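A short worksheet on the structure shown next.
Not measured: the values here are computed from a predicted model.
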Amino acid sequence: MSDIPPEVISEILSRLPVKSLLRFRCVSKSIKALIDSPKFIEAHLKNQELKPNSDLKLILKAHIVADNLFSLDFTSMASTQMPRELAHPLKHLYGPTQVLGSCRGLVLISNNMNDNGVWNPSTKVFRKLPFCQFNPPRKPPGGRGPGLAQIRGGFGYDCLADDYKVVTIAQLYHPDAEPSLVSETMVFSLKLGVWKKVQDCPYWLLKEDNGACAGGALHWIVTKEPAAWWSPLILVGLKLGNGSFQEVAYPENLGNSLQMNLAVLGECLCLLKGHLTCTNAKNHVLDRIDVWMMKVYGVKESWVKLFSVEQLEGRQHFRYLRPITYSVTGKEVLLEMDNRKFLWYSLERKSLKHAKISGGLDTFESIVCLGSLVPLYGGGNEKDRMKGIEQRDDSVTVEIKMEL
């Protein structure tokens, strides 16, 4: 290999899946140094993004008593396969582990406010987050009680700062007080290792427990007041760069917005509009779902209706449907229906077919996770707060970085 130029070796290796690269780290010190370098990690990630789904997994949070996390190899979804249980670092016996977001191969997982962290399932690297301390006033002037309370959040990448950020928003609603909505937004920087208070959210977060990350911002469907039946639905984004909220314009011909959800497909923000046939809040049924995509982030004119999915004739009607990812060919879109099934939608034939998945998962939530070498510490300006240890994993020596 000494006759091969180093740039050629780097180019070849950057096209391989993470599992292979972890093995090749054991070949020599020079190969290990190359694979661990920030430049190579970024080049590998860009190649993964240019070749969608070449090294991609679906993480499933099963709605069962054990409430474990499972994974599926996306490239094998053309044939029947069984989900594989994940041995994640927050697994315990006393409650569910939530998956609150995924970004560039990193996953935000949480058991509760005191037990959460960011994990790279490909490299097995995990970083536990420090406790986030909230101090919103419990009772505004003139208030007569704490009112409604909720905590929402999300996880995304700030490209300007080359930093991964965790967002947590705590909200209280006091209907008999002014101001009626009390909100506090905290952002954790993986590079700096600290929580920081940013702009208070001026909206009631109504939809999407976890923000949809696109264009360097986390997005939610919100209202001015919690009573959504009379308060119009608004699409807002929290810019991860400066920590400010801003409204995002809907498509020009969207129409009324009574049933809305968000998704991300191919790194683009998607708006899911449901057309109701029954307005029963507990048992609504949809005629169809329109999938709108903002192809150029922040440009209202770039909204396009990507496709529509109508009810399946002769089959169980769906109440919820969202796109997950494109197929390897890019000609199909994987859909999750009612947290129970996966479907393939053909963009060419405009038809549906069931994806073949077994394993006894009656209900689940799915999230896409790209295979990457992205580490969980900051850049060269960050103080050395990490310690490398060697761990044997699947007969491969892998360096694990843990926060002290």
note = Across all chains, not counting sequence neighbours, the salt bridge (charged side-chain N to carboxylate O under 4.0 Å, His left out) partners of Glu301 are none
Working for side-chain contact (heavy atoms from CB on, under 4.5 Å), residues Leu233 and Tyr250 = CA-CA 10 Å; Leu233 300 183; Tyr250 283 140; 3.9 Å; yes
request  = Measure across Leu262 and Leu272 and return the closest heavy-atom pair with its distance rounded to 0.1 Å.
outcome  = O-CD1, 4.3 Å
request  = Could you pull out all residues at least two apart from Cys268 that satisfy side-chain contact (heavy atoms from CB on, under 4.5 Å)?
outcome  = Met293
key: For Asp158, salt bridge (charged side-chain N to carboxylate O under 4.0 Å, His left out) partners two or more places apart   = Lys165
request  = Report the distance from atom CD of Glu11 to atom CG of Leu13, rounding to the nearest 0.5 Å.
outcome  = 9.5 Å
query = Got a second to check how far Leu376's CG is from Thr123's OG1, nearest 0.5 Å?
reply = 6.5 Å
remark   = For Val248 and Gly237 the tightest heavy-atom approach is CG2-N, 4.1 Å
request  = With sequence neighbours excluded, give me every salt bridge (charged side-chain N to carboxylate O under 4.0 Å, His left out) pair touching residues 110-121.
outcome  = Asp115-Lys128
Contacts of type salt bridge (charged side-chain N to carboxylate O under 4.0 Å, His left out), residue Glu267, not counting sequence neighbours = none
Check: Ile35 and Phe24 side chains under 4.5 Å, non-hydrogen atoms = yes
key: 4.5 Å side-chain heavy-atom contact, Leu235 and Ile221   = yes
key: Test item: Phe40 and Ser14 side chains (from C-beta on) under 4.5 Å apart, heavy atoms   = yes
request  = Apply ring-ring contact (aromatic ring centres under 6.0 Å, His included) to Trp195 and list each qualifying residue two or more places apart in sequence or on a separate chain.
outcome  = Phe188
Minimum heavy-atom distance between Gly274 and Ile289, given as atom pair plus value = CA-CG1, 4.2 Å
Val198: which of Asn242, Val167, Val187, Leu240 passes side chain to side chain contact (heavy atoms under 4.5 Å, CB included) = Val187
query = When rounded to the nearest 0.5 angstrom, what distance separates CD in Glu336 from OG in Ser366?
reply = 3.5 Å
query = When rounded to the nearest 0.5 angstrom, what distance separates OG in Ser10 from CZ in Arg15?
reply = 10.5 Å
message = Assess the residue pair Tyr203 and Phe245 against the criterion (ring-ring contact (aromatic ring centres under 6.0 Å, His included)); give the C-alpha distance rounded to whole Å, side-chain angles, the decisive distance to 0.1 Å, and a yes or no.
response = CA-CA 9 Å; Tyr203 311 93; Phe245 287 89; 7.0 Å; no
inquiry  = Checking Lys197 now: which residues fulfil side chain to side chain donor-acceptor pair (under 3.5 Å) with it, not counting sequence neighbours?
reply    = Asp200
ask   = So do the side chains of Thr97 and Lys61 get within less than 4.5 Å of each other, counting heavy atoms only?
value = no
request  = Would you please name every residue forming a side chain to side chain donor-acceptor pair (under 3.5 Å) with Lys305, sequence neighbours left out?
outcome  = none
request  = Output every pair passing salt bridge (charged side-chain N to carboxylate O under 4.0 Å, His left out) with a member in residues 239-248, not counting sequence neighbours, ordered by first then second residue.
outcome  = none
remark   = Residues Leu90 and Gly117: closest non-hydrogen pair is CD1-N, 4.1 Å
query = Side chains of Asp73 and Arg84: closer than 4.5 Å at any heavy-atom pair?
reply = no
task = Let me see the working for Lys350 and Glu310 under salt bridge (charged side-chain N to carboxylate O under 4.0 Å, His left out), right down to the final yes or no.
result = CA-CA 10 Å; Lys350 303 186 185 304; Glu310 297 184 353; over 6 Å; no
task = Could you pull out all residues at least two apart from Glu7 that satisfy salt bridge (charged side-chain N to carboxylate O under 4.0 Å, His left out)?
result = none
ask   = Can you tell me how far OH of Tyr320 sits from CG of Asn261, rounded to the nearest 0.5 angstrom?
value = 5.5 Å
request  = Compare all side-chain heavy atoms of Glu365 with those of Val99 and state whether any distance is below 4.5 angstrom.
outcome  = no
note = So CD1 of Ile109 and CG of Leu129: to nearest 0.5 Å the spacing works out to 9.5 Å
task = State which residues pass side chain to side chain donor-acceptor pair (under 3.5 Å) with Ser372; sequence neighbours excluded, sorted by chain then number.
result = none
request  = Would you check if Lys273 and Leu254 make a side-chain contact, meaning some heavy-atom pair closer than 4.5 Å?
outcome  = yes
query = Which atoms form the tightest heavy-atom contact between Cys369 and Ile59, and what is the distance?
reply = CB-CD1, 4.0 Å
ask   = How would you list, by chain and number, every residue that makes a side chain to side chain donor-acceptor pair (under 3.5 Å) with Ser189, sequence neighbours excluded?
value = Asp163
inquiry  = Within the structure provided, determine whether Leu347 and Lys331 are in side-chain contact (heavy-atom separation under 4.5 Å).
reply    = no
